[in-house]
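One structure is given here, and the rest of the page talks about it.
Labels below follow one simple rule: chain letters A, B, ... track the order of the sequence lines, proteins then strands, and each chain is numbered from 1. This one's a predicted model, so the numbers in the text were calculated from it and none came from an experiment. Hydrogens, waters and symmetry mates play no part in the numbers below; they use all other heavy atoms, side chains included.
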Amino acid sequence: MSTGSSTTQVATLARREILRFIRRPYNTFLPPIVTNTLYFSVFGIILGSRIGSVAGVSYIQFVLPGLVVLGAISDAFENASFSVFHGRWEDYIDEVTTAPMTHRGMVGAYVFASAVRGLLTAVLIVGVGLVFTAAPVTHPFHLVGFLVVTVVLFAGLGVVGGLAATDFDNLTVMNQFILRPLVFFGAVFYSLDVLPPLWRNISLLNPMVYMVDGVRYGMIGVTEIDPNISLAVLTGAALAVLAINLVLFRRGFGLTK
Amino acid sequence: MSTPAIEVRDLRKSYDDVIALDDLNLHIPAGSFFGLLGPNGAGKTTFIETLVGLVRADAGSAAVFGHDVETEYRAARDAVGLAPQEFNVDRFFPIHEVLAHKAGYHGYGREKARERATQALEQVGLLQKRDQRFSALSGGMKRRVVLARALVTDPDLLILDEPTAGVDVQLRRELWDTVTALNESGTTILLTTHYIEEAERLCDEVAIMNRGRVVETATPEALMRRGTDRITVTLRDPPATAPAVEAGGDRVRSVKMDDDRLVVVATEGGLVAPDLVRELDRRGFEFVDLDVSRTSLEEVFVELTDSGNGDLGDDADTATDSGRREPRTAETPATDGGR
């Protein structure tokens, strides 16, 4: 019988989760590099040269923050949902759930590891972007704040998805029919100003808009929404999702019979 | 009186219309080697999974070393090492890391967790495979990894759910030796098994479960005493009808002739046989052969659960086609020396 601490338990799970993706660089790091090289080539160079400037910056600089958010949230969500669901599918999540770990610790470790993956992806995309254009950081605290809150929010949503899924197809459905539409209508590739008033207002219901706008503010200083309000709303949303994660773990949703 | 390893009161669990645990009550003393027998669907695995939080009971209570499995789940789970029947091992990492992670989940620091993982792999004879992944191992090795993972946290209560299912005889005996040594060093063992021989050989006490309830709890010897043994005496000049037999008194249940053999069915046949031989000799019967088929725990089990052959005898070396193990004879010792 052990006498160890809760911190050790949570650190072990977080470490396991991070090692899982770190040791698979071809799965973890190569896809965002390739995908974003294509995005920058097509949207930045080929189309961007015809579009000119948007919101006072070159089009490639305008889309860079959006692509950072897109990559970060996709990887944070997919990592959490895959890890939790695969553990359930193969039953090895029992190694965690039968351990004397707090539910808060379990949620914390899964979300932390997936958020780390999202942030690493964000850094990679900025690195790829630097090959094509400058990547300024106008408001560093907002940039870090928005990125952290965003990846935590989507890591938390990924945990919900991983607990709710009953099949691998469910994960694909979540990605294709929920995440991608939000992303593509989230002002990644266009400015809200180009939309008619009705569609602009509808777009404001999309949480992605606030994330992209906030990171854009942090990088190039351009914003269409008050960044502090966006950050507060997104922080609230992230805390709400974490609370849902905790309730689900406590109730054993998807974990106990 | 020390705190029991497991104390269960009126535990109840249903899955839709199926009652898996039906007001289950069980008391397992600390330090014991306790066997849980029962046909498939008796509720054994549901019960075990309730103890570690994989199943939530609808009603009742369960405690491990005095810690309620719901309200004090951390203390309860910290005391338990579970080797489940199904393989549920993390396949992303080499087995040494898998074990170190499990130790870490129980609070062992990184270095200590690695030491524990090494010790556990040594204990099950798999240290040379430490860098292999679970999926690369043979079935027997996988079974040993599952045991090592249960041991890596140094549990006070080791739960083995069908630990020798599908393993060869040699490995089975090695596993028996390992868990027997653990029990002798103070670890409480809860064993579920289809192999009745395992329960007879290893357990201090067994509970027989059926339809979510414990139908009997006793030592294997006490249970076997409830069954009937069969004494067969082959006579040189057999009489046409069975002679009246006085030997054995109330222990004798029936006496009949079967060709040239006198068949006496009695409880505790080992005690009846010498008196029977003396009586037959005194009465001038000349006998050619004597055979005592002792009752087995399996036969008592089948009687108590009324389960027929549906759940026993998965393994050819312990079962006949009918699902009942061949009865042992006086020439066949009950075990290879016991625990």
Side-chain angles (χ1 to χ4, degrees), chain A residues 1-28 79 82-110 113 117 248-257, chain B residues 13 15 20 45-46 48-57 64-65 67 70 72-82 84 86-94 97-110 112-113 116 134-135 146 149-150 152-157 159 187:
Chain A
M1 196 167 169
S2 72
T3 53
S5 70
S6 295
T7 311
T8 306
Q9 296 167 344
V10 177
T12 303
L13 180 55
R15 188 169 169 278
R16 183 261 169 211
E17 288 294 305
I18 290 171
L19 282 176
R20 188 189 65 78
F21 64 75
I22 291 278
R23 289 189 186 168
R24 279 161 188 79
Y26 292 113
N27 290 344
T28 303
N79 189 79
F82 174 81
S83 196
V84 170
F85 181 69
H86 193 262
R88 290 174 57 224
W89 185 260
E90 297 280 347
D91 286 331
Y92 64 79
I93 202 168
D94 295 355
E95 290 177 358
V96 177
T97 56
T98 61
M101 207 184 300
T102 61
H103 300 114
R104 205 179 331 167
M106 292 178 200
V107 169
Y110 281 116
R117 179 164 178 179
L248 295 178
F249 265 81
R250 278 193 179 142
R251 292 189 176 178
F253 178 78
L255 298 169
T256 59
K257 290 176 244 173
Chain B
K13 177 69 184 176
Y15 299 106
T45 299
T46 300
I48 286 170
E49 290 186 341
T50 305
L51 299 177
V52 292
L54 295 175
V55 166
R56 251 177 216 198
V64 175
F65 291 107
H67 303 291
E70 293 273 347
E72 299 171 88
Y73 72 94
R74 294 185 67 199
R77 289 179 199 174
D78 202 23
V80 177
L82 169 64
E86 303 294 332
F87 295 137
N88 61 347
V89 176
D90 187 345
R91 291 161 200 243
F92 279 104
F93 293 89
E97 280 189 74
V98 171
L99 267 54
H101 289 157
K102 182 61 179 166
Y105 301 155
H106 281 248
Y108 286 99
R110 209 161 144 193
K112 187 68 184 164
R116 291 286 321 158
F134 187 73
S135 50
V146 169
R149 190 184 57 184
V152 78
T153 58
D154 190 21
D156 295 329
L157 169 62
I159 301 177
T187 306

Residue pair B/Pro94 / A/Arg23: nearest heavy atoms and the distance that separates them: CD-NH1, 4.4 Å
Is a side-chain N or O of A/Glu95 found less than 3.5 angstrom from the main chain of B/Asp90, in a donor-acceptor match? yes
Evaluate the side-chain proximity of B/Glu49 to A/Lys257: yes if any heavy-atom separation is below 4.5 Å, no if none is. yes
Within-4.5 Å side-chain heavy-atom neighbours: B/Phe92 and A/Arg24: yes
Donor-acceptor contact present, side-chain A/Arg16 to main-chain B/Lys102, <3.5 Å: no
Give, as side chain, backbone, both or neither, the part of B/Arg149 having an atom under 4.5 angstrom from any heavy atom of chain A. side chain
Ranking A/Thr98, A/Asp91, A/Thr256 by heavy-atom pairs under 4.5 Å to chain B gives rank one to A/Thr98
Heavy-atom pairs under 4.5 Å with chain A - which of B/Lys112, B/Glu97, B/Lys13, B/Glu86 has more of them than the others? B/Glu97
Heavy atoms of B/Arg56 and A/Gly252 approach each other most closely as NH2-N, 4.0 Å
So do the side chains of B/Tyr73 and A/His103 get within less than 4.5 Å of each other, counting heavy atoms only? yes
Just wondering, are more than 12 heavy atoms of other shown residues or ligands nearer than 6.0 Å to CZ in A/Arg104? no
Tell me the closest heavy-atom pair linking A/Ser6 and B/Arg74, and the distance in Å. OG-NH2, 2.9 Å
Gap between atom CZ of B/Phe93 and atom OH of A/Tyr92 - 0.5 Å precision: 8.5 Å
Working to the nearest 0.5 Å, report the span between NE2 of B/His101 and CG of A/Leu13. 9.0 Å
Which one of B/Leu51, B/Leu82, B/Leu54 has the most heavy-atom pairs closer than 4.5 Å to chain A? B/Leu54
Run the side chain to side chain contact (heavy atoms under 4.5 Å, CB included) test on A/Met101 and B/Arg77 for me, step by step, so that the C-alpha distance in whole Å, both residues' side-chain angles and the decisive distance to 0.1 Å come before the verdict. CA-CA 9 Å; A/Met101 207 184 300; B/Arg77 289 179 199 174; over 6 Å; no
In terms of heavy-atom contacts, B/Asp78 and A/Pro100 come closest through OD1-CG, 3.5 Å
If you look at every heavy atom in A/Gln9 and B/Tyr105, which pair is closest and at what distance? CG-O, 3.1 Å
Between A/Thr102 and chain B, which part of the residue has a heavy atom less than 4.5 Å away: side chain, backbone, both or neither? both
A/Leu19 versus chain B, heavy atoms under 4.5 Å apart: side chain, backbone, both or neither? both
